[in-house]
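Remember, predicted model here, so these are calculated numbers, not experimental data.
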Amino acid sequence: MSNIDYAVMAIFALMILCIGLLFTGGSKNTSAYFEAGGKTPWWINGLSLFISYFSAGTFVVWGSIAYQSGFVANGIQLTMTLGGLIIAIFIAHRWKRTGALTAAEYIGVRFGVKTQQFYTTLTLLYSLFSVAAVLYPVGKMINVASGLSIEWSVLIIGGIIVLYTAAGGLWAVLVTDVVQFVVLSAAVMIVIPLALEDVGGLGNFAKQAPDKFFDFFNSEYSFGFFLAFLLYQTVYIGGNWSYVQRYTSVSSERNARKVAYLFAGLYLICPFIWMLPPMIYRVINPNLEGVASEGAYMMMAQRVLPAGLIGLVLSGMVSATASKANTTLNLAAVVFANDVYKKIFFPKASEKTLVWVARIFTVFFGILTMVIAILIPYVGGIVEMVLSTAAIAGGSLFAPLIWSLFSKRQTARSIVTASLLSLVVSLFMKIGAPFLFDIKLDRFWETALGVGLPLIVLAIVELINQDRVYPAFEQLDENNQEKEQEADRQNVFGIKVIGLSIALVGLGILILGLVATKGGVAIAVGAIISLCGLAIWRAGLKAA
């Protein structure tokens, strides 16, 4: 990397930090900080949900699988599309209907404080590993591109994410996610034509690709794994506390559904485009093995891009990963402040105090995740950690909550039993069974067990309690005209910030294209982005 690449990354990081800090003044109450006023535009939440989810190791985890197995990576990601459609049709609007601020609040009202504490503890622990699993890819990308150690890369980028998330709350997360989506999309669209040119065109790439490189399934990631992973994705996208915020912070049930529909639509299209660079690199350099394949995406970018544009692409990759981290950090802070600090210890805490507690906890939680991220290479690499953590914990924690949205027959005891039994059995089969009995589950059975076991327990409870009906969650009604007016004001301000930021990003890309060799694609991409950003900014002005 050249000095101009480092300058591009520094400027982009500073811009993202400044965007987050812009919302510090508007996040003085819990409604603004925790749920962005509860009336955010659905398209902002949809883009935020997509980029937050897409970034959970996309360019390292799925990029590594795309390098090794080709379209298998796309087959796995099609489960997100189908899962998103299921959520849009059946689940998203039900979360909005509850009127709860967080999933933890829903659990507390529906099943009691002890059950809320149980799930809060487990979800915060899970979130530690979830954020760490996306901070590590940041370090990996920067390490491959610059030679800076993974440890320092994680600490620098993690520190920036923690600062703007702690300062601005959910609005800071949403706006930076949208800007990061634009940067990432621009970066990928610049890399792809140059990568195809380097490999001799699309036809030559297809001709030289390994056998079965364009199959959606293989022996490790079979059709059975696809079905099990689809079930997991539906549970995870529909029940993960971070993503529940995207459904509850819009203005209506209809808009909650639109959030999920946008997510599904983007996942139908983008992976087929964004997985091309590591697949192309497999043809160019087929010799990467093991964890080395985690760097295939960045290696392809470095091979074809001139100075300046490498920094842009790396900023895009970092952005994708950062958006997942900021989403989960914000959720952890919200849950701790609202559902632990206030509900358990200090019920009379003021709005201002709760916001500061959330900010302090964001910093503390962020430091812990950075430490775990640095330790990931010692536990088998990022692919193993992401898929195994998902299989073991995802279904156990989130399936019972989704089921309870549809059922009045579930109790606190039944959902806790489903979660605990699933966690204990899955952990034993992952850690104990290979050591004691030399039994190791493949990807299909590992995922099917983690998601299927809690569903079986819940189904049994439904049969046992079919003649009994327990109190369901009653919608919270907290109409506050002052808060609604503040939400409208923040919406307008957020849209103007998004538009201006996107226009500036487009201008920066255009300038990089003008000074770079082979910069024609960057010039075109930058011009289009600038025009779109200005259009959004003008829309914000008209709405003011």
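- A search for side-chain hydrogen bond (donor to acceptor under 3.5 Å, both in side chains) contacts involving R94 returns nothing, not counting sequence neighbours.
- Note: W274 and F50 have tilted aromatic rings, judged against thresholds of 30 and 60 degrees for the angle between ring planes.
- The backbone N or O of Q245 lies less than 3.5 Å from a partner atom in the side chain of S249, making a donor-acceptor pair.
- Between K96 and N255, the closest side-chain pair of non-hydrogen atoms is not below 4.5 Å.
- Atom CG of residue N240 and atom OG of residue S127 lie 7.0 Å apart, to the nearest 0.5 angstrom.
- Of the inter-residue distances, the one linking F263 atom CZ with Y247 atom OH reads 7.0 Å to the nearest 0.5 angstrom.
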Would V199 and Y281 count as a side-chain contact (heavy atoms from CB on, under 4.5 Å) if you check the C-alpha gap in whole Å, the side-chain angles of each, and the deciding distance to 0.1 Å? CA-CA 8 Å; V199 80; Y281 195 69; over 6 Å; no
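- With S530 contributing its side chain and A503 its backbone, the two residues share a donor-acceptor pair below 3.5 Å.
- Between the OG atom in S252 and the CZ atom in R257 there is a gap of 10.5 Å [rounded to 0.5 Å].
- Between Y236 and V451 the shortest side-chain heavy-atom distance does not fall below 4.5 Å.
- The minimum heavy-atom distance between I237 and Y243, with the atom names listed, is O-CB, 3.7 Å.
- Taking each heavy atom of G395 and P454 in turn, the nearest pair found is O-CG, 3.8 Å.
- Two residues are said to be in side-chain contact when any heavy atoms from C-beta on lie closer than 4.5 Å; E197 and V304 fail this criterion.
- Using a 4.5 Å heavy-atom cutoff, the side chains of M299 and L288 are in contact.
- Using bins of under 30°, 30° to 60° and over 60° for the plane-to-plane angle, the ring pair F225/F229 lands in the parallel bin.
- Looking at heavy atoms from C-beta onward, I273 lies in side-chain contact with M189 at the 4.5 angstrom threshold.
- The nearest pair of heavy atoms linking A186 to V525 is CB-CG1, 3.7 Å.
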When you look at T79 and Y232, which way does the side-chain contact (heavy atoms from CB on, under 4.5 Å) test go after all the steps? CA-CA 9 Å; T79 61; Y232 161 76; over 6 Å; no
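- Remark: A522 engages I190, L309, I509 in a side-chain contact (heavy atoms from CB on, under 4.5 Å) (not counting sequence neighbours).
- Looking at residues two or more places apart in sequence or on another chain, you find a ring-ring contact (aromatic ring centres under 6.0 Å, His included) between Y126 and F398.
- No donor-acceptor pair closer than 3.5 Å links the side chain of Y221 to the backbone N or O of I65.
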Report all side-chain donor-acceptor pairs from residues 80-87 shorter than 3.5 Å, counting only partners two or more places apart or in another chain.
{"residue": "T81", "atom": "OG1", "partner": "Y267", "partner atom": "O", "Å": "3.2"}
{"residue": "T81", "atom": "OG1", "partner": "L268", "partner atom": "N", "Å": "3.1"}

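- With values rounded to the nearest 0.5 angstrom, I402 atom CD1 is found 8.0 Å from T234 atom OG1.
- Closest heavy-atom contact between Q68 and S293: NE2-OG, 3.0 Å.
- I280 CD1 to D198 CG: the interatomic distance, rounded to the nearest 0.5 Å, is 9.0 Å.
- At most 12 non-hydrogen atoms from other residues, nucleotides or ligands lie less than 6.0 angstrom from CH2 of W445.
- For residues 202-214, the set of pairs meeting the side-chain hydrogen bond (donor to acceptor under 3.5 Å, both in side chains) definition, not counting sequence neighbours, comprises N204-Q208.
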Between I498 and I502, is a side-chain contact (heavy atoms from CB on, under 4.5 Å) present by the stated rule, with each step listed? CA-CA 6 Å; I498 287 173; I502 290 174; 3.6 Å; yes
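- Under the side-chain contact (heavy atoms from CB on, under 4.5 Å) criterion, F71 pairs with N74, F214, F216, F272, M279, sequence neighbours left out.
- Shown here for G513 and I523, the closest heavy-atom pair between the two residues is C-CG1, 3.6 Å.
- The two residues P277 and M300 have their closest heavy-atom pair at O-CG, 3.5 Å.
- Between V521 and I192, the closest side-chain pair of non-hydrogen atoms is not below 4.5 Å.
- Crowding of W537 atom CH2: a count of heavy atoms from other residues, nucleotides or ligands under 6.0 Å not exceeding 12.
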Decide yes or no on side-chain contact (heavy atoms from CB on, under 4.5 Å) for V244 and Y106, but give the supporting numbers first. CA-CA 11 Å; V244 168; Y106 164 77; over 6 Å; no
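- Shown are N218, I76, D215; of these, the side-chain contact (heavy atoms from CB on, under 4.5 Å) with S69 is made only by N218.
- Note: M370 CE to I156 CD1 = 11.0 Å, rounded to the nearest 0.5 Å.
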